[in-house]
There are 2 protein chains.
Amino acid sequence: MKRATIKDVAEAAGVGVATVSRVLSGGSASASTRERVLAVAAQLDYRPSALGRNLRQRRTGGMGLLVPDLTDTFYGQLAEGVLACARAAGEPVVLGSTGDDPEQEAELIGMLLEQSVDRLIAVPCGGAHAWRPALRAGMTVVFADRVPAADGEDDDLPASLTELMLLDGAGPARSPARPLEVPSVLADDRAGVRTAVRYLTGLGHRRIAYLGGPGHGRRVDAFRAALGGRTDDELVVHADGSRDSAYAAASGLLQSRPDLTALVAGGNMLGEAAVLAARELDLRLPGDLSLVMYDDVPWAELCHPPLTVIAQPGRDLGYRAAELVLRSDVRRPKSVVLPTELIVRGSCGPRR
Amino acid sequence: MKRATIKDVAEAAGVGVATVSRVLSGGSASASTRERVLAVAAQLDYRPSALGRNLRQRRTGGMGLLVPDLTDTFYGQLAEGVLACARAAGEPVVLGSTGDDPEQEAELIGMLLEQSVDRLIAVPCGGAHAWRPALRAGMTVVFADRVPAADGEDDDLPASLTELMLLDGAGPARSPARPLEVPSVLADDRAGVRTAVRYLTGLGHRRIAYLGGPGHGRRVDAFRAALGGRTDDELVVHADGSRDSAYAAASGLLQSRPDLTALVAGGNMLGEAAVLAARELDLRLPGDLSLVMYDDVPWAELCHPPLTVIAQPGRDLGYRAAELVLRSDVRRPKSVVLPTELIVRGSCGPRR
DNA sequence: ATGAAAGCGCTAACAC
DNA sequence: GTGTTAGCGCTTTCAT
């Protein structure tokens, strides 16, 4: 009942194990030998054990995938993209969900290291330093959707990921002339937020708020930039990754600043919270409040009113990240930025 | 820069590799030795390689997880449950998404076999026969959310999974007195559907339709049973796992039978499709059509009107399945049925 | 209590 | 073109 090994095949075919290995991995072999080996292998229902191969090559095939929360449709889409690419390549994917908690993230990275998974696609939540162990171990990591924040708690420690990579010498091409880039696949947050803000200002809105989640400093920056200095810091609030926190932040914002007339939600869970909070406070969309939400999730259309969104290509982000991590050339890491699209539905109106 | 091996630790600590192994896996060792080994291991930042251990033990730790589609919030919840349990146990999870396609499912099973993953949690889409290879290889599999359909294309082949397990002798306890059960974790479909139908009939509805997805024969049965013979077969329609197909089925049903007054959607994607199709046909909820949807997804509340749902504990289903597959006693497989809850919101009303 | 040694299934050098 | 052999890092007898 136990699985046939390469040795069994070799014996049954009257050849050495090396020959079997060669035939199965496309090496040189005479036509007749190849045929015989293949036949025997098929007849024995032989499947090469990834265990043996991995140990020999000191690495696991496939890739790791770290996302904050699979309950968030956007990350579900991203994961589907990764899985699609991995399946096409016949590679396994080891999944972890971090809950946007740097500690869990660190644990999961440790687990992947222990498994000798040497390729990783991550939506990071920990700061740059959290990624040191992975980089030191020579993992090829591609960040998706976000990039680790530069955490400068200790001033004498290098803060940005790029500096870390230089330090650890990940990739031998340590030329200061061409500093290493952190490979990543991101949506074009600058354009996305700018478009949304312009749309809103075009409708006459002046007091526009931003409701942000973890790990998207670039969206906030873009928001501030799009508003051109006229930013009111009270109108920029943040939640962590949980639904509760999103609701609390949304509700707090709406109550403390009843003068705001428009809101940009930097993620679909935040948008969800905003709709709920607005309803609770009897604010009508778009009459009392205009809302633009990140992520074109299917239910955006079912909402009342249908939500105007900044669509990100979640699935593509995942697929491209997987491509990158598989065909990664460590010497010349590439980064990809994918476009977003403003989809106008019914949640925005002229300033009342 | 390469990782320390058990040999390195042994040398540095001046002991044999066996001793290191024992210390690290809680075997017997003198206090002084244990202390020294631990210290050296920590100092060398030693992490035992799962590769070596797995090969030696001829199995990969952790578990596989097969779901139809991570874009479906319900399966996202289920996956989160599995991951939570796996994380607690420190075990890796290898993920695959089948797209509700038996062929892809078969491929993924093959991939898992190749990886020597010997524990699997699956939302199956293929029939019972698709699972033969996994069972034969001695995989411990726990089904979640659904159970494979008995596929009787060939009459001389055994059709049900239980029969297959007996044939393949999975589990040595092959006593005909106590036939092997297929371990599974399911929601209580019978109660769930019955409650929904009773609620609807209580509101005066008589022409109630059921819109089903793949793999949930029990829901249809329960629907028919709850209606007690008065079933109109035209009112029971099915879609495959895709959004398009769901919409097509919903729209077709609503157009061909304008006389129906209530609809039970057997999954959240089907509910989504029903809302969309109804809106397209200018049917008001709940005025023209009452809708009960499976799955209490977050957006059910944001919908207009808020959707009355049959809530399934998606996360718990996943968590329990992971528990089962980890602590599985092959001789006495257990099955779990979790309760559902009817959450009444605004999408149902009295028969017009 | 501890060390030596035998493999787990595979690939890659190397010899023929 | 093909066989022999030496490990990859670990656990596990089996002596000591």
Side-chain angles (χ1 to χ4, degrees), chain A residues 1-38 40-41 44-62 92 111-118 137-138, chain B residues 1-38 40-41 44-62 92 111-118 137-138:
Chain A
M1 198 55 79
K2 63 186 277 285
R3 257 168 66 180
T5 75
I6 198 175
K7 211 174 148 199
D8 299 329
V9 178
E11 277 171 15
V15 299
V17 289
T19 304
V20 178
S21 178
R22 278 188 211 105
V23 168
L24 264 51
S25 43
S28 63
S30 76
S32 71
T33 312
R34 145 166 285 112
E35 206 177 334
R36 191 150 31 95
V37 169
L38 253 23
V40 171
L44 255 46
D45 192 31
Y46 169 68
R47 317 197 46 120
S49 156
L51 256 35
R53 182 181 341 144
N54 291 344
L55 177 56
R56 177 62 224 238
Q57 306 182 155
R58 301 131 126 235
R59 43 167 297 244
T60 306
M111 186 267 279
L112 292 172
L113 250 23
E114 193 161 321
Q115 303 290 325
S116 302
V117 172
D118 60 353
Chain B
M1 197 55 77
K2 64 186 276 286
R3 256 169 65 179
T5 75
I6 198 175
K7 212 175 147 196
D8 300 329
V9 177
E11 278 171 15
V15 299
V17 289
T19 304
V20 177
S21 176
R22 277 188 212 104
V23 169
L24 264 50
S25 42
S28 62
S30 76
S32 71
T33 313
R34 145 165 287 111
E35 205 177 335
R36 190 150 32 94
V37 169
L38 253 24
V40 171
L44 255 45
D45 192 31
Y46 169 67
R47 317 196 47 119
S49 156
L51 256 35
R53 183 182 339 146
N54 291 344
L55 177 55
R56 175 64 221 237
Q57 307 182 156
R58 298 127 128 238
R59 41 167 298 241
T60 308
M111 187 266 278
L112 292 172
L113 250 25
E114 193 161 321
Q115 303 290 327
S116 302
V117 172
D118 61 353

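Note that these values count all heavy atoms, side chains included, but never hydrogens, waters or copies made by symmetry. On a predicted model such as this, the values are computed, not experimentally measured, just so you know. Proteins come first, then strands; the chains are lettered A, B, ... in the order of their sequence lines, and each starts at number 1.
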What is the nucleic acid contact for [X], judged by heavy atoms within less than 4.0 Å: base, sugar-phosphate only, or nothing?
X: B:Ala29; answer: sugar-phosphate
X: B:Gly52; answer: base
X: A:Leu51; answer: nothing
X: A:Ser25; answer: nothing
X: A:Ser49; answer: sugar-phosphate

Review point. When you match A:Ile6 and B:Val20 each to their closest nucleotide on DNA chain C, which lands nearer the 5' end?
Key: B:Val20
Heavy-atom side-chain proximity of [X] to [Y] below 4.5 angstrom:
X: A:Leu113; Y: A:Asp118; answer: no
X: B:Leu112; Y: B:Thr60; answer: no
X: B:Val40; Y: B:Tyr46; answer: no

Atom-pair distance ([atom1] on [X]; [atom2] on [N]), nearest Å:
X: A:Asn54; N: C:dC8; atom1: CG; atom2: P; answer: 18 Å
X: B:Glu11; N: D:dG9; atom1: CD; atom2: P; answer: 12 Å
X: B:Glu114; N: C:dG9; atom1: CD; atom2: C1'; answer: 13 Å
X: B:Lys7; N: D:dC10; atom1: NZ; atom2: C1'; answer: 13 Å
X: A:Arg59; N: D:dG9; atom1: CZ; atom2: P; answer: 15 Å
X: B:Arg3; N: D:dC8; atom1: CZ; atom2: P; answer: 15 Å
X: A:Arg34; N: D:dT2; atom1: CZ; atom2: C1'; answer: 13 Å
X: B:Leu55; N: D:dC10; atom1: CG; atom2: P; answer: 12 Å

Practice item. Give the angle between the helix axes at the two ends of the helix from C:dA1-D:dT16 to C:dC16-D:dG1, taking five base pairs at each end and rounding to 10°. Key: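 Between the first-five-pair axis and the last-five-pair axis there is 40°.
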Can any side-chain N or O of [X] pair as donor or acceptor with the backbone N or O of [Y] at less than 3.5 Å?
X: A:Ser25; Y: A:Ser21; result: yes
X: B:Arg36; Y: B:Val15; result: no
X: B:Arg22; Y: B:Ala29; result: no

Report the nucleotide, chosen from [options], that has the shortest atom-to-atom distance to any side-chain atom of [X].
X: A:Tyr46; options: D:dG9, C:dC10, C:dA1; answer: C:dC10
X: A:Ala18; options: C:dT11, D:dT4, C:dT2; answer: D:dT4
X: B:Thr5; options: C:dG3, D:dG7, D:dG9; answer: D:dG9
X: B:Arg22; options: D:dG7, D:dG9, C:dT2; answer: C:dT2

Review point. Of all heavy-atom pairs between B:Leu51 and A:Arg59, which one has the smallest distance, and what is that distance?
Key: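 That closest heavy-atom pairing would be CD2-N, 3.8 Å.
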Revision key, fill the gap. Heavy atoms of B:Ala10 and B:Val20 approach each other most closely as CA-CG2, 3.7 Å
**Study point:** Most 5' of B:Val17 and A:Gly16 on DNA chain D, judged by nearest nucleotide
**Key:**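 It is A:Gly16 whose nearest nucleotide is closer to the 5' end.
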Report yes if at least one side-chain N or O of [X] is closer than 4.0 Å to OP1 or OP2 of [N]; otherwise report no.
X: A:Arg58; N: D:dC8; result: no
X: A:Ser21; N: C:dC10; result: no
X: A:Ser28; N: D:dG1; result: yes
X: A:Ser30; N: D:dG1; result: no

